[in-house]
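Let me begin by presenting the structure, written as structure tokens, before commenting on it.
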Amino acid sequence: MTMIDVQIAIIGAGFSGLGAAIKLKQNGFDDFMVIDRGSDFGGTWRDNTYPGAACDVPSHLYSYSFAHNPEWSRSYSHQPEIHRYINDVAERHAVRSHTRFQTEVEHAEWHEDERRWILDVVRDGQREQVRAQIMIGAIGPLCEPNLPDIDGFDDFQGTIVHSARWDDDVDFTGKRVAVIGTGASAIQLVPELAKVAGRLDVYQRTAPWIVPRTERAYSATEKWAFAKVPGYQSAVRGAIYAMNEVTAFGLTYSPKSLKPVELVCRANIARSIRDPELRTKATPTFQVGCKRILRSNEWYPAIARPNVDLVTDGIASITENGIADKNGTVRDADVIVVATGFHVTDSPVFDKIVGAAGRSLANVWDEIGMQGYKGSFVNGFPNMMLMVGPSTGLGHTSMVYMIESQLNYLVDYLKTVRAQGITRTDVTLEAQQRYNAEVQHDLRNSVWVNGGCASWYKDHHGNITTLWPGFTFNFRRITRQFDIAAYDVERRGTRTRPAESADAQPAPATA
Ligand code: N01
């Protein structure tokens, strides 16, 4: 078996893994390898190729601050353009030579005696071992498709496609199509499928709140200005950022102040749907913001089309030929599109990462909920930094901003390790618990906790462990510097690690 030794292994070549690779290079850390199971950069933006896939955060903010793109064609970009952008940035920063594509990490385990992460990977059917002093888990929270727990999937004789694993060979023209789910992915793909399908049944469990999408193409003059007028693109970026942060206030601290957003959503429904029964079905019953606020001008016109039915009776089972609802009606389908999201707090990847006490992330998080320190480190998993880890997700603005905050933290961590000859770093249980208690305290009045909805933002303990509470500039502030006091560290030639860091019992989750 081939064994490869590197200082730093980065798992994942999406926005965060690529960002980490670039920052490492820029700061003189050249001994690293990026590993990704796909065939190019982009992560979720490579994998989500369903028709209509697009970003609902404006492009000028949904991009790296160190790689502005004056050429964005539209105010909100579509998937192919974002995917292209990420690969262009990778090319410009020459990180491809550090990257192993089509390489799947099957298992990653911390070996205490060697002070190394050992990664078992499979590449072209060949097993290899990568040994790294530091592992960066840039695996992305939205990468493992979630198949709903509905009886009968195996019996279905037609075609099943998940939104995050699109199959371009499936022809929807004139077909009877069923879509399960009405989240961010579904509201983008349903309008496209409705244009070509013979019949389209959309199975809605919970109606989403949807604001209009103020999307438009940029003119040649605007693109010229973005490229040539000093500070113009940064100013636009800053303005988008500032406007979005206002929403953060409402989501976290004052859900009542989101009432105007709800009125905009209600007007969107009233404007687009005439049939009172369909209007009622399409109107959510939870507080706006409790689930992600979606953006679309096309969803309501699509579900009002004569060839589209919004089914709200609930799914009883999948049959050989279609879907049976809870009223006993069976609707035939040639293709079922499953737009039911991702395993976020219960990702199967968590089983593959095993820390110092021989326990996997899945074991640990099953017990305490998805907790970490500053979204980056987890007690008992030394020398491992997660990108977009616990409590870093957002409902209101660009994840790239959060990723870049973590990149600051990562670089300062690595510089500290280099300067001080550190061989082992483990966040203390006390620091992690204190941090999570603060996060949960900050979330107590939020719409995500009190808005009356079920969402993937919550873990199985009922805690919101995916979202950052409040303003993103606060996360930027706390990740500016690596705060070594929160960690048990061991330096070259010493073994000063206190016993409790790996072995102590974590506090149970509090719902
Ligand atoms: O997944 P979701 P998604 N029976 O989990 C329904 C990001 N994103 O892929 O609401 C019937 O949001 C479920 O119903 P309910 C973004 O962060 C961003 O759409 O749970 N229905 C829901 O309607 C987003 O939040 C963009 O009652 C079932 C849907 O499936 C995240 O990805 C674009 C069901 C799942 O919605 C995930 O979005 C796209 C069942 N058993 C995605 N199980 C941007 O524009 C689930 N559902 C940036």
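For ligands, and for the atoms within them, numbers begin at 1 and follow the listed sequence. All figures in this text were calculated on a predicted structure; none of them were measured in a lab.
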So, using salt bridge (charged side-chain N to carboxylate O under 4.0 Å, His left out) as the criterion, who are the partners of R216 when residues are at least two apart?
E222
Using 30° and 60° as the class limits, which term best fits the ring planes of W468 and Y435: parallel, tilted or perpendicular?
parallel
Can you give each donor-acceptor pair under 3.5 Å made by side-chain atoms of residues 271-282, sequence neighbours left out, with the distance rounded to 0.1 Å?
from, atom 1, to, atom 2, distance (Å)
R271, NH2, N268, OD1, 3.1
S272, OG, N268, O, 2.7
D275, OD1, E277, N, 3.0
R279, NE, I273, O, 2.6
R279, NH2, A270, O, 3.2
R279, NH2, I273, O, 3.0
T280, OG1, P276, O, 2.9
K281, NZ, L310, O, 2.9

List the residues meeting side-chain hydrogen bond (donor to acceptor under 3.5 Å, both in side chains) with S65, not counting sequence neighbours, and say none if there are none.
E404
Over 12 foreign heavy atoms within 6.0 Å of CG, N327
yes
After noting the C-alpha distance and the side-chain angles of H83 and F41, does the key distance pass the ring-ring contact (aromatic ring centres under 6.0 Å, His included) rule?
CA-CA 8 Å; H83 184 209; F41 294 94; 9.6 Å; no
Tell me, which residues have any heavy atom less than 4.0 Å from some atom of ligand 1?
Y50, A54, C55, D56, L142, P148, I150, I180, G181, T182, G183, A184, S185, Q188, R205, T206, K291, R292, A339, T340, G341, F342, W456
